[in-house]
Each structure stands twice: as C-alpha cells, then as structure tokens.
Amino acid sequence: MELPLLWGFMPFAFSYYVFYALLASAVMILIIKLAWPHPPEGLFEHPNSENQGAGQENGESGNGGNTS
Amino acid sequence: MNIPVEWILLVLYVLFLVGIGGYVATLTRNTREDYFLAGRGLGSLAIFMALFASNITAFTIIGHAGLAYEMGYGAFGYVIGWSIFITPFTYYLVGYRSWLLGKRYGYATQPQVFGGILNSRAVSLTFLVLLLFYTLPYMVLSIRGGAITFYTVTGEAVSFEVAAAFIVGISLLYTIPAGLRGTVWTDVFQGIFFLVVVVLILFAVGVELGGFSAITQRLLEEDPVLMERSQSFSTIDWFSYSFKNSLAVIVFPQMFIRILATRNSVVMQKATVFYPLALALVFGVSTLLGVWGSIAIPGLGADEASYIVPALISEHLAPLWAALGLVVILSVIKSSVDSQLLSVSHMVTDDFLSRYIKISSRQAVLWGRVFLVIFSGIAYYIALIEPAAIMAVAEYAFSGFSIMLPVMITALYWPRANKYGVCAALIVPAVMLQLWVVGWLPSWTTFGFMPVVPAFFLAALLVVVVSLLTPEPPASQREKTFGLFRKTFNGVRLH
C-alpha cells in the first residue's frame, strides 16, 4: 500500500516523526501532570549546616558535596 | 575596498558576542553561585535555549545532513529517533531529583550531587575523574570539528590553526567575564538565530530547486530508495547507536550543571515539553537539506557529502546566505565548546581544588577563570597535535557518558545503593568499555551490540549486586536524600 505524502512532500518514513515528536511532547505533559509535583513550600528555606560550597555566597570555602 | 559579506557578518557576530559578554558581566557577581550557576536563576527561555543550543553541534548540519544525503530520510530516525523522547525524559528522571538536591544542599556538579547522596569522597572523585576523562577529549573533538568546518566552508581562506584559535578565543571572550550567565545569554541569541536561519535556508533552497513537491517528485523518479527507511544499517546497530545517543546527554556535565541552575520546577517542565519539537525541527531541516542535496548535487563522496548544506547554499543561494550559514555553523560549534570549557573549569575548581586549598567564593571565581584559560590552551594544543590516544577516547566519549547513567538513576531512586556499589559500577564498566574499544576483549562478548550496551547493563547489575553484598548506608544518610524526595513526591501538589 502506498501511503500519501504529508503536505505533498514528506514520505511516511520521515513524516511519522512529526507525529512522534508531538506524541513525545504530549507524553511529557502527561508525566508533568501525573508524576512531577512542585516542591512543597518551605523545602529549601532552612538549609542546614551541610549547605556549603556552590550553594553559599558567604565566601566560605568547601564544596557542596560535603563528603567524608 | 570590497570586503566580502561573510567577513562583515563575522565581525558583527564577534562584536555582538563581546557586547553580550560585556553587558552580562555587569550583571554577574563574583560569587561561585553566580558565576558558575547564574545564581540558580535561569528562566524558561534561557534554560530551554541553553539545553538546546549546547546539544546542537556542527554534526547537526554537517555530519547529519551528509548522512541523510547518503542514507535518505531514514537518517533522521537513526540519529535522533530515540532522543526526541528519551533525552527530555531523562531531564525529568534524573534532572529534577538532582535539582531538588542541588537547591536544598547547594550541590553544583555531579561529583557533589552523587558524592553527597552516598556521603563518599571516593564517589565524588570517581565521578570527577570519569567526567573529565570523557569531556576533555570530546571538547578537543568539538574544536577540531569546528575548525575543519570553518576552514572548509570559507574555502580554506582561514587555516585550521587560526580557525581553532578563533573558536576557542571567542568562547573565552564572554565566558571569562560572565561565566554561565554569559554562555546562556549567547545560547539564547544563537539558538534563536540558528532556528530562524536554518528554516529560512530550507525554504530558500526549496524554492530554488522548484518547490518541495517538485523535489519529492524528482526523488521518486531518480532515487526512490532515499524515500524509504534505510537498509544500510542493521537493527542491532540502530539500537546501539540510538541507545548511546539518547542516554548520554543528561550525563554531559555542561547539561547537568545547567539543569541545576534552573530557577524552578515550572521552568524545567516547560523545557522538557518543547525540547522534542525543537530537536525534531532542527534535525528535520538538516535531513531534508541532505536528501534534497542528493538530487540537486548528486554523486558526492562521503567526505564531500558532509558539506552538502554549505554546497547547496553556495550553489543555489546569494552570497549573503552563505555568510549567514557560516555564522550559524560557528554559533552551534561555539555553544558546545563554551559550555564544555566552563563545566570542566567549574568541576576542577569546586570538586578538586576546593578539597585541598581553602578558597573563598570570590577566589573560586578567580580560579575558575584561570582554569578556563588553562583548559582552553590545553584543548587548543591537543586539537593541533591530535594525539591518537586522546582522539580515540573522544570517539567513544558518548558511550562513556551513557554507562554512568545507571549509577545516577540508582543513586537517586534506590536508598539501598551504597558507595561500594556505585564505585564498582562506575569503574568496572569504564575499564571494560576501554578493553572492548581497543580490542582486548573478544567482540562476541558484546553479543553484536556496540560495547556501550553490555557496559550499560553491567553497570546496572554491579550497582545492585555490590550494594546488596556490602553494608547498607546509615539511615541518617538515606534520610537526607530520600526524606527530601518523600516530602516532594508524596505531597499533593500535582497539577
């Protein structure tokens, strides 16, 4: 069966990726709706002593890894 | 004096970059948070363009179009098919949890995030060594590819050495004063410029060749095989190639760091929604130009076919288009090189130097700038002398990045993962990959796949098995990471 050219010039071997890209965006929207919550308020407001390095701006040294 | 239009555009382009660098430098404070992470304040357009432009290289409009010239429309699915969904999905899968940790604990790089989760300096150091091991050669490859492209499309009016120096030099012009903010602002400009110009070039070339439908009709008559999925690669090759390309991107330090620099979750969500469409558009245009080129300028060899887009422009369009095409190519090359240079300098400053020398935030910025100069000099020198060992590493850098992903996912999702499992899963597959590439392991041991596939699953297996065989992490350590995730994901703040 010969499939029609999309917009008169795109063969199916190529044009189905247009729909695939739209589907990928739609799936990302679905993931955002179902499984990507925003962080609750206050989650970042009380950094403990482990918050060093790149996250700080007070001129202290060290890096954020704070590893042993 | 008659100055060619491409040189005028080139000078305007450089002046524009210097202007952006100069302006953004006035907004950038001399703190490591502001210089290396743009104050974790990247907005929707900035993060989208930063992720997008850094992921578009010279390959997009040089190598890929050449592949489409030879392979037909099937080149699109081969190169980018999986990436359209999997790459933005990894921004969610790995990026969001890493961003939460970065925002909460101040982590700014992969060594910090994963060293922090596992509370292990060994994990941090292993990440640092492996990321540098793959990023530095890949950066050299980017500079070399860019320089070759530059001197080829200028008809060799510029030597390779000068072209490489130009690419490195203009990247430093705005990266040194303005840090991440400088690279992102130039990415926004370059990304928009790139999208607009390539679409315009597509339409201009299409019109010159008689219209889209007429070109397709010629294709059907002269070379209908190009209209079908290519048979020139096996399913197993396609699987390996797509696997490697789609999984590597989130592991690139320049991409990971930019995700950590995102302002909030809404901004990150928007970027993942638009990413598939932008990727499909750009590679779609490149594919069309490559396939059309096979009709307009048939009979080119593989090397010549790589430059089918510049050839189409120079043969069918006015010199102004050729000049715009040159600037587009330069901008995509540079947007990868600047972000790679900055991420390498950032990691060496924050994850290596800071461990051994007590430095203030302001001194870290100074060291970052010094390392920018040092690494750009080293990369430039290596690009010129092209040592075989380093270029060989660059060839499989994508695979090297990909096989680190199982560890990143496991550390972010499995509280039982420990530092022993993670170190084993980082080191052993990296060594195995090296042995496969140099041929010290028999090829049948990859089961016909590229070595990246078995190395990836070996990493996944090792991190689980070794973690289960060794002591579990202390509860307090697990709570530091997974307590944060519980508060976020068990909440009710879904849309």
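Values below: all heavy atoms of this structure, side chains included; hydrogens, waters and symmetry mates excluded.
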Exercise. Flag yes if more than 12 heavy atoms outside B:Phe203 fall under 6.0 Å of its CZ atom; otherwise flag no.
Key: no
Quiz item: What closest approach, in Å, do A:Pro39 and B:Thr488 show between heavy atoms, and which atom pair accounts for it?
Solution: CA-CG2, 3.9 Å
Self-check item: Portion of A:Leu23 that has a non-hydrogen atom of chain B nearer than 4.5 angstrom
Solution: neither
Quiz prompt | B:Tyr92 atom OH, over 12 foreign heavy atoms within 6.0 Å | solution = yes
Self-check item: Separation between NE2 of A:His38 and CE of B:Met268, rounded to the nearest 0.5 Å
Solution: 11.0 Å
Self-check item: CZ on B:Phe85 to CD1 on A:Ile31, rounded to 0.5 Å
Solution: 4.5 Å
Practice problem: Report, as yes or no, whether the 6.0 Å neighbourhood of atom CH2 on B:Trp82 holds more than 12 heavy atoms from other residues, nucleotides or ligands. | Solution: yes
Quiz item: Which pair of heavy atoms, one from A:Ser25 and one from B:Val273, lies closest together, and at what distance?
Solution: OG-O, 2.6 Å
Quiz item: If you measure from CG on B:Leu93 to CH2 on A:Trp36, what distance do you get to the nearest 0.5 Å?
Solution: 10.5 Å
Exercise. Give, for atom OG1 of B:Thr287 and atom CZ of A:Phe14, the distance between the pair rounded to the nearest 0.5 Å.
Key: 4.5 Å
Quiz item: When only pairs under 4.5 Å are counted, which of B:Ser265, B:Ala280, B:Gly211 shares the most heavy-atom pairs with chain A?
Solution: B:Ser265
Quiz item: What is the distance from atom OH of B:Tyr91 to atom CE of A:Met28, rounded to the nearest 0.5 Å?
Solution: 10.5 Å
Self-check item: Selection from B:Tyr96, B:Phe76, B:Phe274, B:Tyr275 maximising heavy-atom pairs under 4.5 Å formed with chain A
Solution: B:Tyr96
Quiz item: How many angstroms lie between CG in B:Leu279 and OH in A:Tyr17, if you round to the nearest 0.5 Å?
Solution: 12.0 Å
Quiz prompt | chain A contact via B:Phe89 - which portion, at a heavy-atom distance below 4.5 Å | solution = both
